[in-house]
Chemist: 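Attaching a single structure in structure tokens format; questions to follow.
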Amino acid sequence: MSFEPWYTPDMSLERRPAITITTPTDFSLFETLHSHGWRHLLPFYPNDSTNSIARIQRLGSGTVVRISVAEGPASNLMVEADGGTPDEVEGIIRRILQLDRSLSDFHEYCSATPGLARISLARQGRMLCSPTLFEDCLKVILTTNTTWAQTKGMVKRLVDAYGSPWPTDPTLKAFPTPEQIAAVPVDDFAATVRAGYRAQSLHGLAVDVAEGRTDLDALRDPSLTSDDVLKRLLALRGIGPYGAACLLLYLGRGDRVNVDSWARTLVGQELGRKVTDKEVVAFFEPHGKWRGLVYSFYPWKERGAGATADVAA
DNA sequence: TTCCAGGGGTAGA
DNA sequence: TCTACCCATGGA
């Protein structure tokens, strides 16, 4: 699969004043972009050489814009968009970079815990997210029981087929809305996206959200316990323990370990034998309410530094 | 041809 | 609660 990882439009036509966002002192753009493989999934367009990322985004008005974010002076973020209000654009950036999430307690814990100091020193702990939980749900379903290369292909077909085009370059699309997917017959959807048995879950969730039977935004209610959110996520077709734990992380809750094949491999290497999912969970149990976040950024010896599964493009 | 990948759903014990 | 089996897809 190939597509331009970075798009440079004629900025003389579209350039608008950059938005400056002041970031928390414990924020790292690099670490957030590399927190997992999400930046390699459309409609994200990463540029690792400049530590920046762009995204084609459909705004609330229906307008499709390109938003880019890069490091600015004095630890600020420089955000550019060819449309939308500064407030809406900043809100999207704050959401996808988890800028409003406080990490001070987590970093305090890591600094005081043998072997975890690197996490706080590197300012790790924020996950790159999608602007909507709907997009994250679909992408999580598309990571299950498949290879990363296939995940990228399925997401690309989904975006290309059903997303709204960016006017400056209509070949670049935003992530489709629930309504856009729900409007397509499920058989056509399955044949186009080629997501196998996952098509029913993807399309079904889109229909449920579009018709108001499922309210994903309600899961952002901070008064809910993680157990409550977990139960509601597990009730979604196609979302199991792994997917729900991933989504909890994207919702700013790091207290569940998203056990996948990578976790089993790494914990197995640490313990010198094959391990079960329960053993992986038990391995991180000592980290209590931080166990999911600790797993996501655990400084595995084999990998030197870093994140859970920041799969190469 | 067979296996399996950043799992999930289901039936049966 | 645990295990076994199946699930579409596509690359190795």
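Just so we're on the same page: letters track the sequence lines, and every chain starts at 1.
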Chemist: Could you go through A:S52 and A:N47, starting from their C-alpha distance and side-chain angles, then the distance that decides it, and tell me whether this counts as side chain to side chain donor-acceptor pair (under 3.5 Å)?
Modeler: CA-CA 5 Å; A:S52 59; A:N47 185 337; 4.6 Å; no
Chemist: Rounded to the nearest angstrom, tell me the gap between atom CD in A:Q150 and atom P in B:dG7.
Modeler: 12 Å
Chemist: At less than 4.0 Å, is any side-chain N or O atom of A:K278 found next to OP1 or OP2 of C:dT1? Yes or no.
Modeler: no
Chemist: Rounding to an integer number of Å, can you tell me how far A:Y295 OH sits from B:dG6 P?
Modeler: 11 Å
Chemist: The test is side chain to side chain donor-acceptor pair (under 3.5 Å); show your working for A:H107 and A:R123 and say whether it passes.
Modeler: CA-CA 8 Å; A:H107 284 163; A:R123 292 169 293 162; over 6 Å; no
Chemist: So what does A:R264 hit on the nucleic acid, given a heavy-atom distance under 4.0 Å: a base, only sugar-phosphate, or nothing?
Modeler: sugar-phosphate
Chemist: Rounding to an integer number of Å, can you tell me how far A:W148 CH2 sits from C:dA12 P?
Modeler: 17 Å
Chemist: If we take the P atom in both C:dA8 and B:dA11, what is their distance in whole Å?
Modeler: 15 Å
Chemist: By the side chain to side chain donor-acceptor pair (under 3.5 Å) test, which pairs, at least two apart or in different chains, include something from residues 189-199 of chain A?
Modeler: A:N145-A:Y197, A:Y162-A:T192
Chemist: Restricting to side chain to side chain contact (heavy atoms under 4.5 Å, CB included), what partner residues turn up for A:D215, sequence neighbours left out?
Modeler: A:D217, A:A218
Chemist: Taking only Lys NZ, Arg NE, NH1 and NH2, and the carboxylate oxygens of Asp or Glu, determine whether A:D100 and A:R126 approach each other closer than 4.0 Å.
Modeler: no
Chemist: Shortest non-hydrogen contact from A:S130 to A:W38?
Modeler: OG-NE1, 3.7 Å
Chemist: Just how far, in rounded Å, is C1' of B:dG7 from CE of A:M154?
Modeler: 12 Å
Chemist: Verify side-chain contact (heavy atoms from CB on, under 4.5 Å) between A:H287 and A:L293, making sure each step is shown before the conclusion.
Modeler: CA-CA 9 Å; A:H287 302 295; A:L293 263 187; over 6 Å; no
Chemist: In whole angstrom, give me the gap between the C1' atoms of B:dG9 and C:dG10.
Modeler: 22 Å
Chemist: What's touching nucleotides 9-13 of chain B from the protein side, N or O pairs under 3.5 Å?
Modeler:
unit_1: B:dG9; atom_1: OP1; unit_2: A:G238; atom_2: N; d: 2.9

Chemist: Kindly state which residues belonging to residues 242-257 of chain A come within less than 4.0 angstrom of DNA chain B, counting heavy atoms of the residue only, listed by number.
Modeler: A:Y242, A:G243
Chemist: Heavy atom of residues 136-145 of chain A under 4.0 Å from DNA chain B: which residues?
Modeler: A:T143, A:T144, A:N145
Chemist: Taking only the P atom of each, what is the distance from C:dC7 to B:dT2 in whole angstrom?
Modeler: 16 Å
Chemist: Expected output is a numbered-order residue list: members of residues 182-201 of chain A with a heavy atom under 4.0 Å from any atom of DNA chain B. What is it?
Modeler: A:Y197
Chemist: Of the non-hydrogen atoms in A:N258 and A:S296, which two are nearest, and what is the gap between them?
Modeler: OD1-OG, 4.2 Å
Chemist: Could A:R55 and A:E135 be called an ion pair, given the rule that one side-chain N must be under 4.0 Å from one carboxylate O?
Modeler: yes
Chemist: Can you tell me how far C1' of C:dG10 sits from NZ of A:K156, to the nearest Å?
Modeler: 17 Å
Chemist: Please give the distance between the P atoms of B:dC3 and C:dC5 as a whole number of Å.
Modeler: 13 Å
Chemist: In whole Å, what is the span from the CG atom of A:L128 to the P atom of B:dG6?
Modeler: 19 Å
Chemist: Using the P atom as the point on both nucleotides, what is the distance between C:dC6 and B:dC4, in whole Å?
Modeler: 15 Å
Chemist: Within the structure, does a side-chain N or O atom of A:S261 lie under 4.0 Å from either OP1 or OP2 of B:dG7?
Modeler: yes
Chemist: Take the protein atom CG of A:D277 and the nucleotide atom P of C:dT3, then report the distance between them rounded to whole Å.
Modeler: 11 Å
